[in-house]
Amino acid sequence: MGDPASAPAIRDSLFRPDFLRYADKVNKRSNPFTSFQTDKPLLRLAEKQAKLAKLIIEEDVIVDWEKIAGVDAAYVGDRAYAACVVVDRSGRVVSEGSAEYEACFPYVPSYFYYREGPALAAVVRGLDFDVLMVNAHGVAHPRRLGLASQLGLELDKPILGVSTSLLIGEVKRRGEGISDVFLDGSLVGVRLDGGPPIIVSVGHMVSLGNAASIVEALWRKVGLPRPLALAHERARKQRRPRVSDLRNTLQIAWS
DNA sequence: GCGACAG
DNA sequence: ATCTTGTCGC
């Protein structure tokens, strides 16, 4: 597909149950090893990301942040249920919204924006906030353009990324409860320790220092910062009821 | 050269 | 992310 390192992820996507019927037809129609053609889509996307990365502003564009929004999405197959929750500095919910979107791209590390970005952009539309936070990386990305950064460019809004695991970079302890994340010698993020660690990186139009302080103000040393935790919860509730969820309802009805 | 790889 | 029961521990 134009990015050898993504082969495992692509393979996993193609072997999902809902893709098997297509795989069967493809195999009978031609020999994929001799008649395979590609315009290397991932290579084109990677080049676009590298180009867009130059537009990222890693400085504060806002002086005051009052409304902080968190966005997240839950899935049923490729159906994305996106949610956005806006809170004030004290963590109180100011407003929230929901959206559904049919993802048309598989999850491939370093191309996460192309799967989840559209759903997140859709749910954010129409909501008012100063800073957005998303469950992903920003500039702590192979081409300095993680979902947080790419979404920030699209929305033209201040945004930061929060993640529980590292995509790329080296972690070096800075002090008590905080570590730096370096990529090619430059600082691309910080890891907040003192509990299950979370990694904060610049998305767009916000400094790393301010991004970290915003997160710390809404984080209780465990789990995700409040806006993201609330968005995550809301997104999951939006999904169609599944068997495991119905069980609780039935138990209540029977008791 | 091989492997690592957000949600 | 999602599939999933009970279980170990503060």
Side-chain angles (χ1 to χ4, degrees), chain A residues 1 3-13 15-19 42 45-46 49 53 70-84 100-121 123 133-152 159-171 181-184 188-192 195-203 211 215 220-225 228-229 231-248 251:
Chain A
M1 302 301 280
D3 185 345
S6 299
I10 298 297
R11 188 243 303 128
D12 291 344
S13 299
F15 276 87
R16 290 185 325 187
D18 46 331
F19 268 109
L42 290 186
L45 294 180
Q49 287 180 325
V71 280
D72 193 24
Y75 293 84
V76 175
D78 282 336
R79 191 73 182 174
Y81 297 85
C84 180
E100 286 186 32
Y101 196 94
E102 190 69 19
C104 54
F105 200 94
Y107 169 67
V108 183
S110 83
Y111 301 89
F112 187 32
Y113 166 82
Y114 295 103
R115 174 166 182 75
E116 192 150 296
L120 300 184
V123 73
M133 66 173 72
V134 57
N135 211 324
H137 287 292
V139 297
H141 175 275
R143 295 169 290 282
R144 312 294 179 109
L145 196 79
L147 182 149
S149 296
Q150 201 158 357
L151 182 61
I159 181 172
L160 61 92
V162 178
S163 172
T164 51
S165 64
L166 204 59
L167 173 61
I168 197 173
E170 300 172 351
V171 179
V181 180
F182 290 98
L183 181 56
D184 296 330
V188 295
V190 295
R191 192 185 67 184
L192 304 180
I198 58 174
I199 299 151
V200 180
S201 61
V202 171
V215 168
R220 293 176 301 183
K221 302 277 187 187
V222 58
L224 293 169
L228 286 179
H232 184 75
E233 182 184 30
R234 184 182 170 91
R236 288 181 63 91
K237 284 181 178 173
Q238 263 183 255
R239 298 184 308 182
R240 299 295 182 190
R242 294 166 306 150
V243 178
S244 57
D245 292 330
L246 286 174
R247 181 168 37 73
N248 296 319
Q251 284 181 349

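The chains referred to below are lettered A, B, ... by the order of the sequence lines, with proteins before strands, and numbering in each begins at 1.
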Below 4.0 Å: OP1/OP2 of C:dA1 and any side-chain N or O of A:R239 = no
Does B:dC5 have OP1 or OP2 sitting under 4.0 Å from an N or O in the side chain of A:S6?
-> no
Would you say the side chains of A:R144 and A:S149 form a donor-acceptor pair under 3.5 Å?
-> no
Could you check how far CE of A:M1 sits from P of B:dC5, rounded to whole Å?
-> 22 Å
Roughly how many Å is it from CZ in A:R115 to P in C:dT2, rounded to a whole number?
-> 10 Å
Provide, to the nearest angstrom, the distance between the OH atom belonging to A:Y111 and the P atom belonging to B:dA6.
-> 14 Å
For B:dG7, does either OP1 or OP2 sit under 4.0 Å from a side-chain N or O belonging to A:S163?
-> yes
Check every atom of B:dA6, B:dG7, B:dC5 against the side chain of A:A5 and return the nucleotide holding the closest atom.
-> B:dC5
Where the side chain of A:R236 is concerned, which of C:dT2, B:dA6, B:dG7 is the nearest nucleotide?
-> C:dT2
Spacing between A:Y75 atom OH and B:dA6 atom P, to the nearest angstrom = 14 Å
If we require ring centres under 5.5 Å and near-parallel planes under 30°, does A:Y107 stack on B:dG7?
-> yes
Quick one: do A:D72 and A:R236 make a salt bridge, cutoff under 4.0 Å?
-> no
Indicate the ring-plane relationship of A:F112 and A:Y107, choosing parallel, tilted or perpendicular according to the 30° and 60° boundaries.
-> perpendicular
Separation of A:H141 atom NE2 from B:dG7 atom P, in whole Å?
-> 13 Å
Nearest whole angstrom, please: distance from the C1' of B:dA4 to the CG of A:L183.
-> 13 Å
Figure out the CG/P separation between A:D72 and B:dA6, and round it to whole Å.
-> 15 Å
Check whether any side-chain heavy atom of A:H141 lies under 4.5 Å from a side-chain heavy atom of A:Y113, and answer yes or no.
-> no
Under 4.5 Å between any side-chain heavy atoms of A:P197 and A:V171, yes or no?
-> no
Can you figure out which of B:dG7, C:dT2, B:dA6 approaches the side chain of A:N135 most closely?
-> B:dG7
Across the strands shown, which category fits A:L147 at heavy-atom distances under 4.0 angstrom: base, sugar-phosphate, nothing?
-> base
Measure the distance from CG on A:L120 to C1' on C:dA1 and round it to the nearest whole Å.
-> 13 Å
Sugar-phosphate, base or nothing in reach of A:S110, heavy atoms under 4.0 Å = base
